[in-house]
Amino acid sequence: MSSPLPVPNSPPSFVPPSSPLRPTSPLSSRGVFGAIPSSPIHPSSPGLVPPSSPFREVRLTSELTQSEDEKPVIWGTSIVVADAMRNIRNFFENFPNPEEQLYMNLIREIHDDESGANALNVDCTHLSEHNPGLYVQLTRYPQELVPLFDLVIDTICKQHFREDAKNLQFRPYNLRTSQRMRDLDPADIDKLISVQGLIIRCSPLIPELKQAYYQCTACPEGDLVNVERGRVPEPSKCPHCNASQTMQIVHARSTFSNKQVIKLQENPEHIPEGETPQTVSLCVFDELVDFCNPGDRVQIVGIYRAQSQRVSSRARTLRSVYSTYIDVLHVAKMSSGRLQIENTSSEKEYDQRVAEDTRTQQMRMEEEHQMRALGESPDIYEKLCRSLAPSIFELDDIKKGILCQLFGGTHKTFTQSGRGRFRGEINCLLVGDPGTAKSQLLKYVNRIAPRGIYTSGKGSSAVGLTAYITKDPETRDLILESGALVLSDRGICCIDEFDKMSDHARSILHEVMEQQTISIAKAGIVCSLNARASILAAANPRQSRYLPNMSVVDNINLPPTLLSRFDLIYLLLDKPNETSDRKLAHQIVGLFYQNPEMSPHDIDVDCLTRYISFARNNVHPRIGEEASTDLVQAYLELRNLSGSKNVISATPRQLESLIRLSEAHARMRLSETVERLDVAEAVRLLKNALKQAATDPTTGRIDLMSLTTDATPAGP
């Protein structure tokens, strides 16, 4: 444990462990005070009683009635309880100033909210600005300070809302320093830490015993017993009839809380060269259960703890090596520079109860007004195109196609007609010569995608893309570990070197790209996993360079049945041209010797991701009457584009692609209705892709049969 803070000038009286101010502390309902059997606590680091304990009112009364000469201090620290509570209350009532009162307004909003929210998220940078000493105490002694924050919040609520006050919980986030997972050491145990990572597994819901009800078999009386540090002290005698060994636990009258164990893996960008990723276990409780899913990138704030392990289940002997885990206080999905996931209706209601920041309703309305004003700009389409991967030269049509993929179409479910769900995800394939920025585009999309997974074709197997069977390290049961496509659910899966994947691995993508599911039947586990992911793939030609006198199927080693599932197929050809080569050279050299300035009319990355996230969550366009007529006419024109009855130039899949592209373009304008200009742009994008990818080199006509079959029919 770190050295205690400087002791105040007036020497306080330390409270010994046997003092009535520090009784044996039961578990808190939040599960932050040793819900899992923790290591034996050092005599110099016991904690305060949680706010949910029966000693809470006694402690509060005794603390307030202490004389001025004897100030109670938390055992093992120099934290004066009365001073800490006064500083906490001063922070809530006077930040950033007594007029604005940010956190008092948040408390009022949470109390008036009818969705059941009971978490007060506190930005620790605000606490550090207002009272640096209190911030240091919180990070060094979270087990002692968190109950005090809860106690002050509860006191404020009772003073303002009387009997109708909610039981709010203090949830800190945004610490000044965030540690890497592999840098955690024993010096961080029992301290407040912040780590980032990728969630790879979530356990089912586990009922955690909070209060046990014991009933006497000799008399009808019973007694509630609080759980103490993960153990239930069974009463030896009945407190009413004094009969020995007659108390029996009644589970139906006991109190349980929700608990979940999560496996967190460090982010790929934080793994040193030549190292394997490390993992850590997380324990979340109550409303944080099922808040995040495998594949989410999250920022965790919690207490780093050590847990003892028994040599065997039959012996009480403990191992000398302890296992570590994190008791989670706050979970925030990483949204800085990344898109947010498009929430379903049920998840929207749940996420509102567990807000991740300190934004008030007024701040959210101002941000919405800013996004609406940006969407009303007449050249918003061109602005978005210039702002996407600005370091990559030209490739405007390809950037517009990727923009449509990022915005996505509207998800449609026709349950009444029995047709099921139609996907809104758009799949894109980039095929071209080496050195045409294919991998750079994939890397850029992976950095801003909400649940993006980047993988290479040669290093991906069918099991790694879908799911694999393994044994749970705790229960030893067979479980499914999610693969790249499952982790990319409702995100974008970027696959580089697509042409070098094995045939068995590519066969998995047929179901994913159309039905958006993965069917598993292994080791007695039969299930269907959601893989609602967009596929952005990049492939190289078979002969290293693209040969114009050969078709796409002949140039790349991909089956036609898989090519037909891509909405857009772009060819990136490296053609010599002195004018464009000069501009490209100036662009690349300028990136090295000077910092390119962004045009004042462009959008920065943070604003771009917030705009796309706002559009995906709030705009769900429907096809208008004029747009539907144009879609039918465009499909007929695509069918007759080749001018021959023996050549297929469009299929119903291309019509569905037109619908998705039109909806994505309408989302860029924040329009709730798909209009004729959206259909016109979707047709232009699709025609440009078809002219490049589906043109028969022998006849010069667009022939979709080359993308759906291995052979091209003869001309008329």
Side-chain angles (χ1 to χ4, degrees), residues 17-18 20-41 46-62 116 118-119 143 146-147 150-151 154 157-158 163-170 203-261 283-290 305 307-308 310 313-314 316 325 327-329 474-475:
S18 59
L21 292 183
R22 190 191 169 274
T24 305
S25 59
L27 275 179
S28 168
S29 60
R30 300 177 59 173
V32 185
F33 306 94
I36 297 180
S38 59
S39 60
I41 304 299
L48 277 175
V49 177
S52 60
S53 71
F55 302 98
R56 178 178 180 180
E57 298 298 331
V58 178
R59 292 175 56 85
L60 180 59
T61 305
S62 60
N118 63 344
Q143 185 174 346
V146 168
D150 285 337
L151 190 59
D154 186 68
C157 290
K158 286 186 177 180
E163 299 298 330
D164 298 333
K166 287 185 179 180
N167 185 18
L168 302 186
Q169 294 180 353
F170 167 71
S203 72
L205 182 66
I206 303 172
E208 180 82 6
L209 184 63
K210 187 170 63 174
Q211 281 186 328
Y213 182 83
Y214 282 92
Q215 187 170 4
C216 180
T217 56
C219 66
E221 300 296 333
D223 190 22
L224 276 174
V225 179
N226 292 307
V227 179
E228 297 181 0
R229 302 198 180 279
R231 295 177 176 84
V232 183
E234 181 180 356
S236 58
K237 290 184 179 181
C238 176
H240 302 281
C241 65
N242 291 327
S244 300
Q245 306 299 328
T246 58
M247 303 299 288
Q248 185 177 3
I249 189 171
V250 180
H251 295 88
R253 301 185 65 177
S254 300
T255 305
F256 296 85
S257 62
N258 296 332
K259 170 189 166 185
Q260 189 178 35
V261 180
C283 292
V284 296
F285 296 85
D286 297 331
E287 69 272 6
L288 292 181
V289 171
D290 287 337
R305 295 188 180 276
Q307 176 184 2
S308 58
R310 291 187 178 183
S313 58
R314 298 182 180 89
R316 297 179 62 87
Y325 66 96
D327 261 336
V328 178
L329 293 177
E474 298 178 359
T475 62

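As a basis for the values below, the full set of heavy atoms in this structure was taken, side chains included, without hydrogen atoms, waters or symmetry mates. If you're wondering where the values come from, they're calculated on a predicted model, not measured in any experiment.
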List for me each residue that meets side chain to side chain donor-acceptor pair (under 3.5 Å) alongside Arg253, sequence neighbours excluded, and say none if there are none. Tyr213
Which value, rounded to the nearest 0.5 Å, describes the distance between Asp327 atom CG and Arg305 atom CZ? 4.5 Å
Out of curiosity, Thr246 OG1 to Gln215 CD, how far, rounded to the nearest 0.5 Å? 10.5 Å
For Gln245, side chain to side chain contact (heavy atoms under 4.5 Å, CB included) partners two or more places apart: Ser236
Under a 3.5 Å distance rule, please check whether Gln307 uses its side chain to pair with a backbone N or O of Tyr325 as donor and acceptor. no
Taking only residues two or more places apart in sequence or in another chain, which ones pass side chain to side chain contact (heavy atoms under 4.5 Å, CB included) with Asn258? Leu205, Val289
Identify the two heavy atoms, one from Gly222 and one from His240, that lie closest to each other, and give their separation to 0.1 Å. O-NE2, 3.7 Å
Distance, nearest 0.5 Å, that separates CG of Leu288 from CD of Gln169: 8.5 Å
Please name the pair of heavy atoms, one in Glu287 and one in Ala119, separated by the smallest distance, quoted to 0.1 Å. OE2-CB, 4.3 Å
For Gln211 and Leu209 the tightest heavy-atom approach is O-CD1, 3.6 Å
Just jot down the side chain to side chain contact (heavy atoms under 4.5 Å, CB included) partners of Pro207, sequence neighbours excluded, or say none. Phe256
Between atom SG of Cys238 and atom CD of Glu221, what is the distance when rounded to the nearest 0.5 Å? 7.5 Å
Rounding to 0.5 Å, atoms CD (Glu208) and CD (Gln260) come to a distance of 13.0 Å
Sole candidate of Leu224, Val250, Val232 that passes side-chain contact (heavy atoms from CB on, under 4.5 Å) when paired with Tyr214: Val232
Rounded to the nearest 0.5 Å, what separates atom OG in Ser254 from atom CD1 in Ile249? 4.5 Å
Are any side-chain N or O atoms of Asp150 and backbone N or O atoms of Phe170, one a donor and one an acceptor, separated by less than 3.5 Å? yes
Kindly give the heavy-atom pair with the smallest separation between Pro233 and Val225, and that separation in Å. O-CG1, 3.5 Å
